[in-house]
Protein chains: 2
Amino acid sequence: MMDKRKAILEAAVELIAEYGYTRTSMQQIADNVGVSKGSLYSFFPSKEDLIISIYEHYQQLVFERAFVVGLDNNLPPYKRFAKQFQVQFEGILEYKSYMKMHIRGESAQNSEKLQGLHHRMRGRLFNWLEQNLIDLYGESILPYKWDLMWMTQSIYTSYMGLIISSENVLPPEGLGQHIVRQIDILAKDFLQGNSVPFLDDEMMRPFSVGMDRDGAFTSFQDRERAWKALYKRIHELRNATYYFEVTDRISEESRKSKPDELVMRGLFRLLKEEETLAAKAYVLEEQLLPATED
Amino acid sequence: MMDKRKAILEAAVELIAEYGYTRTSMQQIADNVGVSKGSLYSFFPSKEDLIISIYEHYQQLVFERAFVVGLDNNLPPYKRFAKQFQVQFEGILEYKSYMKMHIRGESAQNSEKLQGLHHRMRGRLFNWLEQNLIDLYGESILPYKWDLMWMTQSIYTSYMGLIISSENVLPPEGLGQHIVRQIDILAKDFLQGNSVPFLDDEMMRPFSVGMDRDGAFTSFQDRERAWKALYKRIHELRNATYYFEVTDRISEESRKSKPDELVMRGLFRLLKEEETLAAKAYVLEEQLLPATED
DNA sequence: ACAAAAAATGACTATATAGTCATAAACATC
DNA sequence: GATGTTTATGACTATATAGTCATTTTTTGT
């Protein structure tokens, strides 16, 4: 139907998560969706484009919404940090197959585009962690930030793997608290001057993503706030599902290299039909589609 | 020459580390070694056997020797633990390409044998960590062992990745100390009853490797001790290099599915020529080649 | 120097699969 | 319901590569 594209993405994720990129053929994917191979190629010019689209589609779903929702409250820093992890883990549970694929590092050889995507993703993870550390401990934590961030991301990633492979469901909330608790212990030890930092800026340069280098990146904080406000309103509605579908589509479109402005405008129009959303939708629209003089 | 097999393994590791298993062809490997494709198949019956042999060969080199040498001293538990990490990291630096391949999880589809190898490997890692935790903190650490072990292995693995990908050489000694320091902080916090454990035996069953299920595994502790004693003696010799070559060869042979007993006996004979090694060599020989009534 | 044995070679086979495109089915419009 | 247009199909092409094996080269023994 209308979302055959999505069906293809979903089937492809399942198969690639299970068998890996090279051992999943386009024919298999086509058979799984129930369309012909030719159709696949009318949606995705090549297998590589298909996997890139998968990453674009799901990275969004899992990470960005989690970032956004995580910020969506006025909790004190410690609890907010834990909540953010929780939301991440919830997203991971929801999109297990994608995360499996992601963790297995499945990809077409060395696609430039994909590498860029991963690099930006990792950079965002670190920026996000840094922001939280500063919120929690102030600037005095900065000399130890790399060690803390490195250990945090490694613990985070490994629990993620555990969630994905485990039969038992690990409770996301408890896990979020647990991780923050451990970081806190390590951070306080550093602050008390008991441990010496091991990593420094120089060494970690490859993991830094300049906030200013990438336009899309610079405005991310503002965009995040706008998303945050909108989602909050939608949550309060009865037919939230419908509006989430619309925002998902907006989100998807805005990720494309050349988003279709008319499509975006149209989607925002749909949101504005619900008057309680109109204001917030407008703010987000401004963020994503700045006025013509750009 | 004599070690064309080894040359093939080395070339294969380099290529697979760089391009991945599926994107490395037997032809490429052959070209890199400078032999024909046909020759490859006289050493390894299939591509799958080749990659299995790679794992068997290097896992040995990187992990077992590190375990052994790590135990090879009478340091107090804390320092010994740090030293063991150090030795591991040194091994990792030495066999960067292999570790790259290992981390990327390169392998033939789902080879039964390879999965077994990995499972045992991971089990040993956890057993090793558990032993060290008990040495450090006594039995009272057991309720928290899974959380500590899980975080430790995730930190360990991620620093391993950093070592491999980083241009700068991270000093293995400092890194070993650093990791043990962080574990210590977390452990003490658990022992003081400030944190609640998150993982339990039930949940972590897939990661437990029964010490008794696998014969080779049961005797590992004793074998380790025997290796330890022998290495120590060799270290004290002037021409240690030669004897290390012999022990390496023994080590390699003993890992094969069907070690050639005569080869082993001969190699041990060489060791016994140096009288200061004779006794220790005998003990190890007993471990690796128990008397005929088996 | 020769013959027999062992080792190495690379052209060849079988198979898998990304991507194409002429044809067919579905749909739209009058 | 006839005609034109869009969309879907799957047989087909081109290519890559694991694995084989008859032939050639090297080594060994006398």
Side-chain angles (χ1 to χ4, degrees), chain A residues 1-56 101 104 106-114 260 262-263, chain B residues 1-56 101 104 106-114 260 262-263:
Chain A
M1 298 292 122
M2 195 48 248
D3 49 1
K4 195 179 286 182
R5 194 189 131 95
K6 206 173 158 191
I8 294 170
L9 288 175
E10 280 166 11
V13 164
E14 293 300 326
L15 289 167
I16 294 175
E18 174 126 20
Y19 305 108
Y21 178 77
T22 34
R23 277 182 293 278
T24 300
S25 71
M26 293 297 264
Q27 189 61 63
Q28 269 173 281
I29 297 169
D31 291 349
N32 255 266
V33 188
V35 297
S36 70
K37 193 147 64 106
S39 286
L40 252 57
Y41 283 92
S42 73
F43 287 96
F44 308 97
S46 73
K47 198 182 179 187
E48 185 177 330
D49 281 84
L50 172 55
I51 200 169
I52 290 173
S53 299
I54 289 174
Y55 275 106
E56 284 173 343
M101 177 189 119
R104 284 182 54 169
E106 293 299 341
S107 75
Q109 56 257 7
N110 292 321
S111 156
E112 279 275 311
K113 200 168 172 185
L114 219 43
D260 185 326
L262 287 180
V263 169
Chain B
M1 298 291 122
M2 195 47 250
D3 50 358
K4 197 180 286 182
R5 195 189 130 96
K6 206 173 156 190
I8 294 170
L9 288 174
E10 280 168 10
V13 164
E14 293 299 326
L15 289 167
I16 294 174
E18 175 126 21
Y19 305 108
Y21 178 77
T22 33
R23 276 182 294 280
T24 300
S25 71
M26 293 297 261
Q27 190 60 63
Q28 268 173 282
I29 296 169
D31 291 349
N32 254 265
V33 187
V35 298
S36 70
K37 192 148 64 105
S39 286
L40 252 58
Y41 284 91
S42 71
F43 287 95
F44 308 97
S46 72
K47 198 183 179 186
E48 185 178 330
D49 280 85
L50 172 57
I51 200 169
I52 289 173
S53 299
I54 289 174
Y55 276 106
E56 284 174 342
M101 178 188 118
R104 283 182 56 169
E106 294 299 342
S107 75
Q109 56 259 9
N110 291 323
S111 157
E112 279 276 311
K113 200 168 173 187
L114 217 45
D260 186 326
L262 287 181
V263 169

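Chain A is the first sequence line, chain B the second, and so forth, proteins listed ahead of strands; every chain is numbered from 1.
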Original post:
Is a side-chain donor-acceptor pair under 3.5 Å present for A:Asp31 with A:Gln27?
Top reply: yes
At a cut-off of 3.5 Å, list every protein nitrogen or oxygen paired with a nitrogen or oxygen from nucleotides 5-8 of chain D, distance to 0.1 Å.
{"residue": "D:dA8", "atom": "OP1", "partner": "A:Lys4", "partner atom": "NZ", "Å": "2.7"}

Original post:
Do you know which two heavy atoms are closest between B:Arg23 and A:Thr22, and how far apart they sit?
Top reply: NH1-CG2, 3.8 Å
Subject >> First-last contacting nucleotides on DNA chain C - partner chain B, under 4.0 angstrom, heavy atom >> reply: C:dA8 to C:dG10
**OP:** Could you tell me whether the side chain of B:Glu106 and the main chain of B:Tyr21 form a donor-acceptor pair under 3.5 Å?
**Re:** yes
Original post:
Heavy atoms under 4.0 Å, any strand shown: does A:Lys37 hit a base, just sugar-phosphate, or nothing?
Top reply: base
Original post:
salt bridge (Lys or Arg N to Asp or Glu O under 4.0 Å) with A:Glu14: which residues, sequence neighbours excluded?
Top reply: none
**OP:** Find out whether the Lys NZ or Arg CZ of A:Lys47 is both under 6.0 angstrom from the six-membered ring centre of A:Tyr41 and within 45° of the ring's axis.
**Re:** no
Subject >> A:Glu18 side chain to A:Leu15 backbone, donor-acceptor under 3.5 Å >> reply: no
Subject >> Note: B:Lys113-B:Glu56 ion pair, threshold 4.0 Å (strictly below) >> reply: yes
**OP:** Give a yes or no on this: more than 12 heavy atoms of other residues, nucleotides or ligands lie within 6.0 Å of atom OH of A:Tyr19.
**Re:** no
